[in-house]
Amino acid sequence: MGETEVPTDTFLHFLRSTNPPMLSAVRLPLVSLFFVGLFLASPAAAQSGDEAAQSGDEEAPQDGAAGGDASPEEGEEEQAPVLVAPVLTDFVEAEYPAEAAAEGLTATVDLILTIDIEGNVSEASVAAPVGNGFDEAALAAGRQFRFSPATSDGEPIPARIRYRYVFEMTIAEPDPPPPDEPEVPDPGALEGRVLDVDGDVAIEGAEVIVTSPDESVAQRAVTGEDGAFSFTDLPPGTYSLRVVTEEHGEQTQNEEVSENEVTAVVYRMTILDAGDDEDVFGATAVIDPPPREVTRRVIRREELTRIPGTRGDALRAVELLPGVARPPFGGGAVIIRGSAPNDSQVFLDSTPVPLLYHFGGLTSFINSRLLQQIDFVPGNFSARYGRKIGGILEVITRDPATDGFHGVAEFGVIDMSLMAEFPVTENFSMAMGVRRSLIDVVFSQVIPADLFTITAAPAYYDYQLFTTWTPTDRDRVRFNFYGSQDRFEIVIDDALGDDPGIQGDLGITTRFNIFQLAWKRQINAQWDMNLELSGGPIQLEFGLGDELGFDALFVQFQGRAEVNGQVHERIKLRMGMDIQYTPFTLDFVGPPVRQQEGTPDDGPLSAEELTYFSATDRAYRPSAYVEAEVAAHGGVKIIGGVRLDYYREIEAFTINPRLSVLWNVTDDFRLKFGLGQYSQPPEFQESAEGLGNPNLTPIHSVHSTIGFDWQVADGIRFGVDGFYKYLWDRVVGTPGGIDPVFTNQGIGRIYGAEISGKIDPVGRNFFGYLSYTVSRSERRDLPGQEFRLFDFDQTHIFTLAMVYKLPRGWEVGGTLRLVSGNPTTPVTGGLLNANDGTFFPFNGAVNSIRNPLFNRLDLRVQKTWQFDAWKLAFFLDIQNVYNRANQEAILYNYDYSESVPVPGLPIIPAIGIRGEL
Amino acid sequence: MVLALVCVGCGDTVDPGSLIDKTRILGVRAEVDADATQSWPQPGDAVTTRWLVASPDAIEPIGSAYFACIPAGTAFGPGQCEGEPFAFGINPPTVPANGEIELPLTIPTELDDGQDQVLMFGAFCFGGRISTDLEGVFESGNPCAGEGRGRIAILTVALDLGRQNAHPEIQEVAINDVPWVDAAPALPTTCAENPTLPNVVHTGGTDEEIEIVVNATPDSRETFMTEVGDPPETVERQETMRISVYSTHGVFSSQFIFIDEDEDGGAADVNWVLPEVEEIPAGGQVVNFFFVMRDVRGGVHWQSRALCLTRE
């Protein structure tokens, strides 16, 4: 088992020394703006400075690293002191957490180290905890580091740096060396690249010298066109690595070389100028944690907000992943591997999210800059998750910054947002953000004035308060409080279109306020535990004249208790229980409920008989799960689990066994296989007595996946997953809604393949995704019928997204999507409803035709100006650049004798400006 | 939904339902033969259903057929029959007198308890003969035996099980606050042939419009008892008048207007947007209007009007 220390892509926060008056001058407007925003109840988006620092890109605040652009502030720094960064002199190797080692886990821990004028580490904290004992181990080691102190004009000064500690390991086969051979460690290698920090441009001709502590080993290299260098046959140990360029000066760091390993490093250098003599240096070697699921796709925070066509909205980026279908009209439905949107679940830090997007698809409810990453599991997910038969989307928030105050203010055409984060004490930090929409300002200009009387233009806001408390090295407590509200009210004075039922007051209000409390404790070296509790009111109101009304208040609570432990050197166990408890009141008036999917238009609202339903009740769904992970020989990992669920509303149990097998054939190639059963209860309206059929049973599916992941080269990954899902006991409606309204007679089958590629080479100035899914999703509603296509079946889904970082703070990117059109049901004519002069459609075979191929190109351009203590970014995000009129639906005339295609969203440019502190 | 609405506005449009651009059935009135003011027959009553037909040109001969049955207990979508039809008939193509097709119906005397409505399916072939394969007619959606354009319709007739529902009545139609009494003439015709029609002058502007007001008689909006809520509660309600508006040229701001419960005056107004001036012939254009008032419980009344549209 090896361990590699890689000095970080450092940015320096010099305490009290870096031109304080200028810093204050920059911060004051942002802080003032923040409170003005609060006063106005305006929402905010935010990004911490340390967030981007990790990425080493211009999203990252490279404090002290002057970019190529000279700002006015920089011009004022004629008397700026000559600053020299601290240099690590004594490295201490961290103890690899035992359970993590047994599990084969690796991690990267970002430490914030405060170095006093003696070169000692006076404070150390973790910027973003990663768990599994890595944080504690890295902290313990980091506190023992010694540095040569930073200096200002030659005088020692305190400094704060970010230090990236990378835990990685090599699973050694237990074959002992031959007894008659002396134990000589195998050599390692050290390779990397030297880049200009401004734009990550390779520096050619840099001199790189590696020297062992006793100077018994010394090698020299000169970087090539790509800035790369390489040293091989280095005996394990700590080496001094010195990088020298004429333009950038010199930098020296210690690097650890381990047996049979290649230590990969990247040095980012800053051009010396009169105003800034400090070099920015560092290295990264980001390694994805091994998944427990067969297919787990991760979008990291460095990329979340930079993907074109998403307007910087992290959750929108999920639509680009393999296996995710495109919802029509840019709506917010999450359609995973041919499953209905309600078959999948989105979690925010393990808590089910009631609503994902404002107004059903406009913008996600949470500020993307508070996110750490998004984990997407399209199938064969862990026993930890249940009550769903589709896929899982886990949105993981990050810890607030611990290295000082950071703030972000952003203003765009859709909304404006503010965020601030800061440490309160040494072990308690806080982040808060608010955001408010601006669409109500432009709404009246977009919507034809003769259609509606607007009583409340569409407006939304959301807020977040996240805290992290680490009372001890073993404990981590998080308290989150967040909420959202959407409101929209208009009066449709005259009936809209050909349906007299669409008339009257139309109002939509959704709001929720949710708290989350999570405590994670490392019990001992083998066991840790998680306790989570969340809850809060969720209110949904919808009304349309006298024909439709829905008013519901749910108070959703969820609790989870989970322990993870190493029960054997090769066996790790996870056990847990969770429960959902939801008291609610609900009033509904509207047409009779019916099957949600596979039901084409069946007539005007005015022809519907009204149904009334009221309920005050409570629902609870307890569950228990256990999962064992066995690290077998030969790089094979077997994860077996079982989950028991109870659904009170239908008084039914389900037991779901699950199995995954991962085989690391080589370091770069992994085979994977998964097979498991999944269940979910019927939707509320399907099983509620008085609306649906209370005798329904749970819906089941079997997921199977087989595939491989291949690390083609550094930063280039390629994977293929083939999957097959079978669904049974699907809830389907009876013809015409006759009693019992719903039955469990439906079945379904979904099969296909996903090809994923990700290119994100370390040190390169670009990253990108390539995904292609070919699949077929079919349903059969009643025995004897033929299989039909699922509503959102999309045979081909192709996505290519690339983001390039250019010099001088520019970044450009594009996303191209080619997707099969959604199925639709042809209408062959109309049946006159003589009672009100409207028409019922004569529907052909359900979903037997398709909309034409969807294709769209989105572009994003961003320019960032980097100042000493803050940065300013201007971005332009253009959706549908060539204004393609993609058909999303078919509009029929009153009697279905004529039709025209309904195009999707036209070209939409969204501009914004963002200031980050 | 908002995005979808915006997108609908971005694309091509279809002709509005208020435009009579082909021969159409605009409304059906079920009259109890014993009292034509009543819309709900009792079991055993003879009923005449009158089907209002309108056309932008001369109405061609129309073949028709129908059958009536007891509905199955479906919750949504067009009704379905339970059992065999209790009445049916087929008629050769004729030009309907007064623009109305009459189809007779007799309600069965023996009905199951709680059976409070019957279904009637009508099939029409405009300009052609109805197929004699009645079953095939209603399954295929094409009722014509050969030439002609077909239409199939469904009508639910509520039954009088101790309560009655009188047909509403349009009291007055006004155009730009002036009473408008001129019934629609048979088309084709000209302004010169109808000199008494009110004259509306197109001044050449875009989206020129006139206001039309429709009044119901004070007795039209009956009160009735109905069950609402969960658990059901019996409450008294007053009928809402829903008026469908049609014209042979031009466009209405909405195809449906309402006289609501809480609206005083018993009137509803709608704007009629004149056609483009280039569409108006030199001698003027006779435009026919139809107003079909429904009480949404089965009661129906309609009236027609006409005007002469000329250029400035």
**Q** Would you mind checking which part of A:F613 comes under 4.5 Å of any heavy atom in chain B, side chain (CB onward), backbone (N, CA, C, O), both or neither?
**A**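 It is both, since atoms from each part get that close.
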
**Q** Less than 4.0 angstrom from a charged side-chain N to a carboxylate O is my criterion; do B:R242 and A:D836 meet it?
**A**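 Salt bridge flag = yes for A:D836 with B:R242.
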
**Q** Report the option among B:G73, B:G27, B:P78, B:A72 that has the most heavy-atom pairs separated by less than 4.5 Å from atoms of chain A.
**A**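 So the answer, after comparing B:G73, B:G27, B:P78, B:A72, is B:P78.
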
**Q** Tell me, side chain or backbone of A:Y892 under 4.5 Å from chain B's heavy atoms, or both, or neither?
**A**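 The backbone, not the side chain.
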
**Q** Hey, are the side chains of A:T838 and B:F256 touching, using non-hydrogen atoms and a 4.5 Å cut-off?
**A**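 Yes, side chains in contact.
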
**Q** Return the CZ to CG distance between B:R297 and A:N835, rounded to the nearest 0.5 Å.
**A**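 If we round to the nearest 0.5 Å, B:R297:CZ and A:N835:CG are 13.0 Å apart.
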
**Q** B:P16 versus chain A, heavy atoms under 4.5 Å apart: side chain, backbone, both or neither?
**A**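 The answer is the backbone of B:P16.
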
**Q** Under 4.5 Å from any heavy atom of chain A, what part of B:S244 do you find: side chain, backbone, both or neither?
**A**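 It is the side chain, since no backbone atom gets that close.
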
**Q** With a 4.5 angstrom heavy-atom cut-off, could you sort out which part of A:Q503 is near chain B: side chain, backbone, both or neither?
**A**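 Only the side chain of A:Q503 comes within 4.5 Å of chain B.
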
**Q** With heavy-atom distances below 4.5 Å as the criterion, would you say the side chains of A:L832 and B:I154 are in contact?
**A**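 No, side chains not in contact.
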
**Q** So for A:D499, is it side chain, backbone, both, or neither that comes closer than 4.5 Å to the heavy atoms of chain B?
**A**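 Only the backbone of A:D499 comes within 4.5 Å of chain B.
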
**Q** Given heavy-atom pairs under 4.5 angstrom as the criterion, report whether the side chain, backbone, both or neither of B:R24 touches chain A.
**A**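 Side chain of B:R24 only, per the 4.5 Å heavy-atom cut-off to chain A.
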
**Q** Could you tell me which portion of A:T611 (side chain, backbone, both or neither) has an atom closer than 4.5 angstrom to a non-hydrogen atom of chain B?
**A**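 Neither part, no heavy atoms under 4.5 Å.
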
**Q** Would you mind checking which part of A:P500 comes under 4.5 Å of any heavy atom in chain B, side chain (CB onward), backbone (N, CA, C, O), both or neither?
**A**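 Both parts, heavy atoms under 4.5 Å.
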
**Q** Are the side chains of B:R151 and A:F839 in touch, meaning some heavy atoms are under 4.5 Å apart?
**A**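 When only atoms from C-beta onward are counted, A:F839 and B:R151 do touch, with a gap below 4.5 Å.
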
**Q** Of the listed residues (B:V228, B:D15, B:I25, B:V28), which shares the most heavy-atom pairs with chain A below a 4.5 Å separation?
**A**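 If we count pairs closer than 4.5 Å to chain A, B:V228 comes out on top.
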
**Q** Between B:V292 and chain A, with a heavy-atom cut-off of 4.5 Å, which part of the residue counts as in contact: side chain, backbone, both or neither?
**A**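 When you check distances to chain A, no heavy atom of B:V292 falls under 4.5 Å.
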
**Q** In Å and rounded to the nearest 0.5 Å, what is the OG1 to CD distance from B:T13 to A:E898?
**A**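 Answer rounded to 0.5 Å: 10.0 Å.
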
**Q** According to ring pair (Phe, Tyr, Trp, His ring centres under 6.0 Å), who are the partners of B:W51, at least two apart in sequence or on a separate chain?
**A**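 Counting only residues at least two positions away or on another chain, B:W51 forms a ring pair (Phe, Tyr, Trp, His ring centres under 6.0 Å) with B:F124.
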
**Q** Applying side-chain hydrogen bond (donor to acceptor under 3.5 Å, both in side chains) as the test, list every pair that has at least one member in residues 584-594 of chain A; sequence neighbours left out.
**A**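 Only A:D587-A:S614, A:R594-A:D602, A:R594-A:E608 qualify under side-chain hydrogen bond (donor to acceptor under 3.5 Å, both in side chains).
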
**Q** What is the distance from atom CZ of A:F588 to atom CG of B:D230, rounded to the nearest 0.5 Å?
**A**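 Answer for the CZ-CG pair, A:F588 versus B:D230, is 11.5 Å.
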
**Q** Is B:Q80 close to A:P735 at the side-chain level, that is, under 4.5 Å between some pair of heavy atoms?
**A**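 A side-chain contact is absent here, since even the closest heavy-atom pair is not under 4.5 Å.
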
